[in-house]
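Throughout, numbering of the chain's residues begins at 1 and tracks the sequence.
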Amino acid sequence: MKPVFSLWLLLSLLLSLAACGDASAPTPPQTAPEQAAQTAPAPEETPLSSTPGIDIDLTALSRTMVYSEVYNMMMTPENYIGKVVRMNGLCSTFESVAVDGQEARVYYTCIIFDATACCSQGIEFVLAGDTGAEAYPPVDTEITVTGTFQTYDENGILYCHLVDATLE
């Protein structure tokens, strides 16, 4: 029984190796990576908004895409500076700690969640005009905010926010 099994195994291996190649099939020409890059069509930039006056409308995207786009905004903010962004999510606040004579400050943010609601990200927003805290919505309110994406430096750390923002 053992010699029959060994012969069958050997025959199977030989047949499988013989079936892997086709000498009559033409081989495609090989191109250098530089040549391939030159001949590849440039990717078209897909607009993220069809709404006039809004460059990036996150309200029209799926939760996964919104989370990904906000992540991109945080990682490469230079690509978004000056763009008008519209997004919806939960209003939240964060309060800074008073340090070295600086007053504590309240930051208002629009928080978005990924598709499974396990992860969240947010973008700070500053309402247009000289508005006080009473102009901002209550915490945990569903909001839609539109504003111009900008960055600012605070204590040596780069932050992103939507300025001249309006609420719908």
Sub-4.5 Å side-chain heavy-atom contact between M73 and I123: yes
Nearest-0.5 Å distance that lies between atom OG in S68 and atom CG in L61: 9.5 Å
Pairs involving residues 100-126, ordered by first then second residue, that meet salt bridge (charged side-chain N to carboxylate O under 4.0 Å, His left out) (sequence neighbours left out): R105-E124, R105-E154
Closest approach of V70 to L58 (non-hydrogen atoms, all atoms of both residues): CG2-CD1, 3.8 Å
Show me the side-chain donor-acceptor pairs of residues 138-146 shorter than 3.5 Å, one per line, residues at least two apart or across chains.
residue, atom, partner, partner atom, Å
T141, OG1, P138, O, 2.7

side-chain contact (heavy atoms from CB on, under 4.5 Å) evaluation trace for I111 with S120: CA-CA 7 Å; I111 304 291; S120 63; 3.8 Å; yes
Same apolar cluster: I56 and M65, side chain cutoff 4.5 Å: yes
Pair R63-T116, side-chain contact (heavy atoms from CB on, under 4.5 Å): steps then yes or no: CA-CA 9 Å; R63 288 183 140 203; T116 61; over 6 Å; no
Side-chain touch L127/F125, heavy atoms, less than 4.5 angstrom: yes
Closest approach of Y80 to T76 (non-hydrogen atoms, all atoms of both residues): CD1-O, 3.3 Å
Summary of side chain to side chain donor-acceptor pair (under 3.5 Å) pairs that have at least one residue in residues 90-99, sequence neighbours excluded: none
Linked, directly or transitively: M87 and L90 (ILVMFWY side chains, under 4.5 Å): no
Minimum heavy-atom distance between D55 and K83, given as atom pair plus value: OD2-CA, 3.2 Å
Per-pair distances, 0.1 Å, donor-acceptor, side chain in residues 161-168, under 3.5 Å, sequence neighbours excluded:
residue, atom, partner, partner atom, Å
E168, OE1, R86, NH2, 2.9
E168, OE2, R86, NE, 2.8

Exceeds 12 heavy-atom contacts within 6.0 angstrom, atom OH of Y152: yes
N72 vs M74 side-chain heavy atoms within contact, under 4.5 Å: no
Any residue meeting side-chain contact (heavy atoms from CB on, under 4.5 Å) with L158, in chain and number order, not counting sequence neighbours: P77, T151
Residue pairs fulfilling ring-ring contact (aromatic ring centres under 6.0 Å, His included) with at least one residue in residues 86-121, sequence neighbours excluded: Y108-Y136
